2 protein chains.
Amino acid sequence: MTTQSQGLHTHVLDTLGLEISSGQCPPGSVLRTDELAQRFDVSRTVIREVIRVLESMHLVESRRRVGVTVRPTETWNVYDPQVIRWRLAGADRPRQLRSLTVLRSAIEPVAASLAARHATAEQCAELTERALGMVATSRGQQLEGYLEHDIAFHRIVLNASGNEMFARLGDVVAEVLAGRTHHQVMFEDPDPAAVTLHVRLAEAVREGDPEAAERITKEIAVGALHELDVLAP
Amino acid sequence: MTTQSQGLHTHVLDTLGLEISSGQCPPGSVLRTDELAQRFDVSRTVIREVIRVLESMHLVESRRRVGVTVRPTETWNVYDPQVIRWRLAGADRPRQLRSLTVLRSAIEPVAASLAARHATAEQCAELTERALGMVATSRGQQLEGYLEHDIAFHRIVLNASGNEMFARLGDVVAEVLAGRTHHQVMFEDPDPAAVTLHVRLAEAVREGDPEAAERITKEIAVGALHELDVLAP
DNA sequence: GCCTCTTGAATAAGTCGTACCTAATGGGTT
DNA sequence: AACCCATTAGGTACGACTTATTCAAGAGGC
């Protein structure tokens, strides 16, 4: 059986990763490499490589004579974009979205403040462009276009902060925004207040006003958290 | 050559990971699995498993007919504790410590604020205990003991925040604190002001005062950043 | 008789070597 | 310039062997 395009490894990894993060294989349960090889109809070689990757994400632990044990949630590398994707696709997406949004609300204001100090002219220009793009797509069911601008906007801010750790959170934010748009039921157009705030943030960064940038970003974060409270359990 | 105790895989992974993150194998350089197998005197199987793990960390990219290419720094999973450890052990430790400390300064105040709301009696008790431990070891060259209390203290705050993403940053903070103590030259006892702030933070959390907890944690962060400016280039 | 310690067989992961498949590449041909 | 083919290096498979753990049975001491 060779149905996938991108290699056996990828398919098996994705399937197992999803099963584990979604709780189908609860912590403590044991997998056997031979069984997995049979189940996926691949060689043990492939399985072992997958297990090693899952092990590096601290999702499982492999011990001789006992098998591959699923580790408790607390040890997982929850910052791994792959893990985040799996978890957002799984059962506890709401909880996941919430903790990620809280993370954003801590990071992004500081990042925006730094961006107001360090952003290049180029970054300011693209930021404004993206903000205008958000305005343009904020009405009339253009959710996908809006999402694209939104992701790009936040990515620029994080990059412009000049801090590597912030910059690398761009992928995480992208996953959160995408998850919100796609999985959360969003019939309506985005909140006009949020759109305005993005425009104002672009201005604050362009004018090099760290305090304003931080304050505005905090407002955006509050809005995002509020939105979760309204739509989720 | 079989010097390691914990498996060939671990040894090879650690060596290669370190070499890549320290810039010895600059982005764009190509590794060949056969060569690596020869070099480490292990089978290609082991090398392949290692490569797969490095690939999952986005440190390398494996393509047919071309080999294993080291990817540019921007794509690395810099939140992977393993990667952090490698980078802190490598050449650009100062830069790394700085960006991680900025990250802390964004996260920990928010975490402390949440901890003041959600901490259990148990957590408050252990927090106070650790603060006292820091006081007790703050004089007389007991750096290792101090470090242990410091790490535990911050870990409790992050855990008590109730946010999973914050909690999982405990390892990162631990690496930063350990790196600061071990690699940065710290002849002297810790800053007495910092010790006092930790005691006050424990109080603020115990008394359920989010604003105070956030403010005090910001002061701790400012101190840590200042310390870096003084000691590093 | 019950408990502890030792010993040994069973087990599943770890490692190895080889053989073969497949895709990307680069050069040579038309 | 477009096409084709040999080469190359990773991808996959299989089978044999090694080693750490575990668990249980048996020996010894209380």
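Per chain, numbering begins at 1; letters A, B, ... match sequence-line order. Worth saying up front: this structure is predicted, and the values here are computed from it rather than measured.
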Hey, is the side chain of A:Thr45 poking within less than 4.0 Å of OP1 or OP2 on D:dA13, counting only N and O atoms?
no
Taking NZ, NE, NH1 and NH2 as the nitrogens, is one of them in A:Glu19 or A:Arg39 under 4.0 Å from a carboxylate oxygen of the other?
yes
With respect to the side chain of B:Ser62, which nucleotide from D:dG11, D:dT12, C:dA13 is positioned closest?
D:dG11
I need the CD-C1' distance between A:Glu35 and C:dA13, as an integer number of Å.
13 Å
Can you tell me the distance, in whole Å, between the NE2 atom of B:His9 and the C1' atom of C:dC16?
16 Å
Could you tell me whether the phosphate oxygens of C:dA12, OP1 or OP2, come under 4.0 Å of any side-chain nitrogen or oxygen in A:Arg64?
no
Tell me which of A:Arg65 and A:Arg52 sits closer to the 5' end of DNA chain C, going by the nucleotide each one is nearest to.
A:Arg65
Expressed in angstrom and rounded to an integer, what is the separation of B:Phe40 atom CZ from C:dT15 atom C1'?
16 Å
So, is B:Arg63 close to the C:dT25 phosphate, meaning a side-chain N or O under 4.0 Å from OP1 or OP2?
yes
Heavy atoms under 4.0 Å, any strand shown: does B:Leu31 hit a base, just sugar-phosphate, or nothing?
sugar-phosphate
Side-chain donor-acceptor pair under 3.5 Å between A:Thr128 and A:Arg206, yes or no?
yes
Is any side-chain nitrogen or oxygen of B:Arg44 closer than 4.0 Å to OP1 or OP2 of D:dA9?
no
Rounded interatomic separation in angstrom, taking NE2 from A:His11 and P from D:dG11
18 Å
What integer distance in Å separates A:Leu36:CG from C:dA12:P?
13 Å
Regarding B:His154 and B:His198, do their side chains bring together a donor and an acceptor under 3.5 Å, going by distance alone?
yes
Can you find a side-chain donor-acceptor pair between A:Glu55 and B:His9 that sits under 3.5 Å?
no
Among the candidates D:dG10, C:dT25, C:dC16, find the nucleotide nearest to the side-chain atoms of B:Val46.
C:dC16
Nearest whole angstrom, please: distance from the C1' of D:dA13 to the CG of A:Leu8.
10 Å
Grab the CD1-C1' distance between B:Ile47 and C:dG17 for me, whole Å please.
15 Å
Residue pair A:Leu97 / A:Val176, side-chain heavy-atom distance below 4.5 Å
yes
To the side chain of B:Arg48, which of C:dT25, D:dT12, D:dA16 is closest?
D:dT12
Between C1' of C:dT11 and CZ of A:Arg32, the distance in whole Å:
9 Å
